[in-house]
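Within every chain, numbering begins at 1; the chains are lettered A, B, ... in the order of the sequence lines, protein sequences first and strands thereafter.
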There are 2 protein chains.
Amino acid sequence: MTRTDPADSTRAGDSGTPSDSRTWTIAQVADEFAITHRTVRHYEELNLISPERRGTVRIYHRRERTRLNLILRGKRLGFPLEEIRTIIDLYDEPTGQASQLRYVLDQIHDRRGNLERRRRDVEDALNELDEFERRCQSHLRQLAQQPGSLST
Amino acid sequence: MTRTDPADSTRAGDSGTPSDSRTWTIAQVADEFAITHRTVRHYEELNLISPERRGTVRIYHRRERTRLNLILRGKRLGFPLEEIRTIIDLYDEPTGQASQLRYVLDQIHDRRGNLERRRRDVEDALNELDEFERRCQSHLRQLAQQPGSLST
DNA sequence: AGGATGCTTTACGTTTACGTCAACGTCAAG
DNA sequence: CTTGACGTTGACGTAAACGTAAAGCATCCT
């Protein structure tokens, strides 16, 4: 029950412990993120993460954990993995040239449109749900005040 | 380009034209909702919609359009079709018994939790996107004020 | 009459996102 | 040294959500 939530902030500002060198095994990340080894490797196959290799074994750094957080949130939001990859790749690109930066800004614009529609969809769904609940509850109250209610 | 948006309100209050009897063919609904025949029939196979049958041909009523709106929004939010089915089925159940109503209210509770987390996820993603855009733009301004900028 | 169109069913193909073995390497503990 | 525990690479399986013919009716148009 005491699950250490792997909520990394995207930027590390903790200079007290220069803990940016911590590493994790595949079992540890799979466990903390509540996914399987297979899933972790699958994300690697799709180039969503790229852990270090010590010989043949995979070593996961903070960077991979940050990416996994973004991946899983993207999944919760229903994005396909390929799309998620392009998004999180966007987040840590060199951004050297101005043309490149403008391209990135374009992408950001598209992403925002996408996310804003999702937000509207969520809001609408929640509002409908609320209204429906009100109707159900008023109906339930009516039933409670009528005969034949055996408090089933 | 002049696409009639099939934005039905869930409840019909338009008593001027008792247009609740309009019907559509599969081609019409597929076209208006920008999906294929196959998709429409697929939703029928999964009991997400159940159009009338005139002989062998399918006739779609307002009810099907309402459901299609809910289905497509559910898809945009990343819900699997089976889950969508249980949700929209919930919305038009008999709700006869009190026990049934309580069950429905329970389901509503679960759904709301789910949707609220999605909302948080969307908000977080939007906030990160905004911050990232600000960084990109400030970076772009720096580039514009330095030599070597050939306005690529 | 004879296409051309539109709708139908049947059925196999495809993509995504993993699940599930199988078979093998490796390293510390008994 | 061998037994686990943990890791690795294939490679095939699967469920969801359609795509994509293929082949058959029905009707409408000229």
Side-chain angles (χ1 to χ4, degrees), chain A residues 4 6 22-61 64-65 67-89 114 118 121, chain B residues 4 6 22-61 64-65 67-89 114 118 121:
Chain A
T4 305
R22 273 178 301 177
T23 63
W24 290 266
T25 74
I26 193 172
Q28 286 168 336
V29 298
D31 204 55
E32 291 185 36
F33 286 89
I35 55 183
T36 68
H37 298 53
R38 181 64 179 91
T39 301
V40 177
R41 280 193 285 262
H42 183 56
Y43 295 162
E44 184 180 350
E45 286 174 23
L46 299 186
N47 294 317
L48 285 157
I49 50 181
S50 34
E52 186 199 343
R53 291 299 184 117
R54 197 103 70 198
T56 173
V57 75
R58 278 166 254 249
I59 309 284
Y60 296 84
H61 295 255
E64 274 65 49
R65 291 167 50 99
R67 290 198 143 221
L68 273 172
N69 271 311
L70 291 174
I71 293 166
L72 295 182
R73 190 181 65 194
K75 280 205 57 188
R76 287 197 300 273
L77 293 177
F79 292 109
L81 291 180
E82 277 296 329
E83 196 172 344
I84 293 175
R85 186 175 57 77
T86 72
I87 299 169
I88 66 183
D89 277 355
N114 195 315
R118 264 159 210 272
D121 283 335
Chain B
T4 305
R22 274 180 300 178
T23 63
W24 291 265
T25 74
I26 194 172
Q28 286 169 335
V29 297
D31 204 56
E32 291 185 34
F33 285 89
I35 55 183
T36 67
H37 298 52
R38 180 66 178 94
T39 300
V40 177
R41 282 193 282 263
H42 183 57
Y43 294 162
E44 184 180 348
E45 287 174 20
L46 300 186
N47 295 317
L48 284 157
I49 50 181
S50 35
E52 185 198 342
R53 290 298 184 119
R54 196 103 69 198
T56 174
V57 74
R58 277 167 256 248
I59 309 284
Y60 295 85
H61 296 256
E64 272 67 47
R65 291 166 51 98
R67 290 199 145 221
L68 273 173
N69 271 312
L70 291 174
I71 293 166
L72 294 184
R73 190 180 67 194
K75 280 206 58 187
R76 286 197 300 274
L77 293 177
F79 292 109
L81 291 180
E82 276 297 328
E83 198 172 343
I84 293 175
R85 186 175 57 78
T86 72
I87 299 168
I88 66 183
D89 278 354
N114 197 316
R118 264 159 211 270
D121 283 336

With the threshold set at under 4.0 Å for non-hydrogen atoms, list the residues of residues 37-53 of chain A touching DNA chain C in residue-number order.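 Heavy-atom contacts with DNA chain C come from A/Arg38, A/Thr39, A/His42, A/Tyr43.
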Under 4.0 Å between a Lys/Arg side-chain N and an Asp/Glu carboxylate O for B/Glu44 and B/Arg67?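 No, this pair does not count.
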Looking at B/Arg85 and B/Glu82, is any side-chain nitrogen of the basic one under 4.0 Å from a carboxylate oxygen of the acidic one?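 Looking at B/Arg85 together with B/Glu82, the answer is yes, because their closest N to O distance falls below 4.0 Å.
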Round to a whole Å and report the spacing from [atom1] of [X] to [atom2] of [N].
| X | N | atom1 | atom2 | result |
| --- | --- | --- | --- | --- |
| B/Arg54 | D/dC25 | CZ | C1' | 18 Å |
| B/Glu82 | D/dC18 | CD | C1' | 14 Å |
| B/Ile59 | C/dT8 | CD1 | C1' | 13 Å |
| A/Arg85 | C/dT16 | CZ | C1' | 14 Å |
| B/Leu81 | D/dA16 | CG | P | 10 Å |

Applying side chain to side chain contact (heavy atoms under 4.5 Å, CB included) between B/Leu48 and each of B/Ile84, B/Asp89, B/Leu68, report the one that passes.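 So, applying the side chain to side chain contact (heavy atoms under 4.5 Å, CB included) to B/Leu48 and each of B/Ile84, B/Asp89, B/Leu68, only B/Ile84 qualifies.
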Looking at every non-hydrogen atom in both residues, tell me the closest pair between A/Phe33 and A/Arg65 and how far apart they are.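 Taking every non-hydrogen atom into account, CZ-O, 3.6 Å.
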Report the distance from atom CG of A/Leu77 to atom CD1 of A/Ile87, rounding to the nearest 0.5 Å.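 A/Leu77 CG to A/Ile87 CD1: 9.0 Å, rounded to 0.5 Å.
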Gap separating the OH atom of B/Tyr60 from the OG1 atom of B/Thr25, nearest 0.5 angstrom: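 OG1 of B/Thr25 is found 8.5 Å from OH of B/Tyr60.
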Under a 4.0 Å heavy-atom cut-off, which of residues 71-80 of chain A touch DNA chain D?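 Contacting residues: none.
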So, the side chain of B/Arg76 versus the backbone of A/Asp121: is there a donor-acceptor pair under 3.5 Å, distance only?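 No, because the side chain of B/Arg76 does not come within donor-acceptor range (under 3.5 Å) of the backbone of A/Asp121.
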Does a side-chain heavy-atom distance below 4.5 Å link A/Trp24 with A/Asp31?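 In short, these two side chains do not touch, never coming nearer than 4.5 Å.
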Starting from the 5' end of DNA chain C, give me the residue, B/Thr25 or A/Thr56, whose nearest nucleotide shows up first.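 It is B/Thr25 whose nearest nucleotide is closer to the 5' end.
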Ignoring backbone atoms, test whether A/Thr36 places a side-chain nitrogen or oxygen under 4.0 Å from the OP1 or OP2 oxygen of C/dG19.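 Yes, such a contact exists.
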